[in-house]
Asker: 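Got a structure here, written out as structure tokens. Questions coming.
We number each residue from 1, following the sequence as shown. All values below come from the heavy atoms of this structure, side chains included, with hydrogens, waters and symmetry mates left out.
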Amino acid sequence: MVWGAVVAAGGKESGNLAVAMGTTSKALARFGGLTSIERTLQAVQGAGLEHCVTIGSPEVSDQVQFGQFVGERQSVMENVRAGVESLNSSIDALLFLPCDTPMLSGDM
């Protein structure tokens, strides 16, 4: 079975949490020297998933070092659809992840 992943990387924060993170983008929040999106994509790659699409804002695009990047759409459902369509028919099963899972590992 061939698995693919769609990673949602468009979430924003404001107020005290954004100040504490040093950014309004959840994907760009740093944990142990890496951004949340870098850690999430490392987990996807570490799990052996070869097909991955990250959906997010343009500010996140240069952080996507695994898989492909697709610009976010107007709604969550449109983002899901864009990710699935970008994977095309190359997969049998899909894992949908938010980017703000920095403690996730490939083994998990």
Asker: Looking only at heavy atoms, which two atoms of Val60 and Ser25 are closest? And how far apart?
Answerer: CG2-OG, 3.9 Å

Asker: Is the backbone of Arg73 close enough, under 3.5 Å, to the side chain of Asn79 for a donor and an acceptor to pair up by distance?
Answerer: yes

Asker: Under a 4.5 Å side-chain heavy-atom rule over Ile, Leu, Val, Met, Phe, Trp and Tyr, are Val84 and Leu97 clustered together?
Answerer: no

Asker: What's the shortest heavy-atom distance between Phe69 and Val64, and which atoms?
Answerer: CD1-CG2, 3.8 Å

Asker: Would Phe96 end up clustered with Ile91 when hydrophobic side chains under 4.5 Å apart are linked, directly or stepwise?
Answerer: yes

Asker: Given side-chain contact (heavy atoms from CB on, under 4.5 Å), test Val80 with Val6 step by step and report yes or no.
Answerer: CA-CA 7 Å; Val80 172; Val6 174; over 6 Å; no

Asker: By side chain to side chain contact (heavy atoms under 4.5 Å, CB included), which residues pair with Asp92, not counting sequence neighbours?
Answerer: Met1, Val2

Asker: For residues Val7 and Met77: do they belong to one hydrophobic cluster (side chain heavy atoms under 4.5 Å, members Ile, Leu, Val, Met, Phe, Trp, Tyr)?
Answerer: no

Asker: According to salt bridge (charged side-chain N to carboxylate O under 4.0 Å, His left out), does anything in residues 40-51 pair up with another residue at least two apart or in another chain? List the pairs.
Answerer: none

Asker: Do Leu41 and Leu104 sit in one hydrophobic cluster, given that two such residues count as connected whenever their side-chain heavy atoms are within less than 4.5 Å of each other, even indirectly?
Answerer: yes

Asker: Taking all heavy atoms of Ala82 and all of Val70, pick out the closest pair and write down the distance.
Answerer: CB-CG1, 4.3 Å

Asker: Scan for side-chain hydrogen bond (donor to acceptor under 3.5 Å, both in side chains) pairs involving residues 33-44, sequence neighbours excluded, and state none if there are none.
Answerer: Thr35-Glu38, Thr35-Gln63, Thr40-Thr101

Asker: Please find the pair of heavy atoms, one from Thr54 and one from Ala9, that lie closest to each other, and give the distance.
Answerer: CG2-CB, 3.7 Å

Asker: For Ile37 and Cys99, which heavy atoms make the closest approach, and how far apart are they?
Answerer: CD1-CB, 3.7 Å

Asker: Please report the closest heavy-atom contact between Phe66 and Leu49, naming both atoms and the distance.
Answerer: CZ-O, 3.0 Å

Asker: Go through it in stages, so that I can follow the logic: the residues are Ser86 and Gln68, the test is side-chain contact (heavy atoms from CB on, under 4.5 Å), and I'd like the CA-CA distance, side-chain angles, deciding distance and then a yes or no.
Answerer: CA-CA 9 Å; Ser86 294; Gln68 67 183 58; 3.2 Å; yes

Asker: Sub-3.5 Å donor-acceptor pair from the side chain of Glu59 to the main-chain atoms of Gly56, do we have one?
Answerer: no

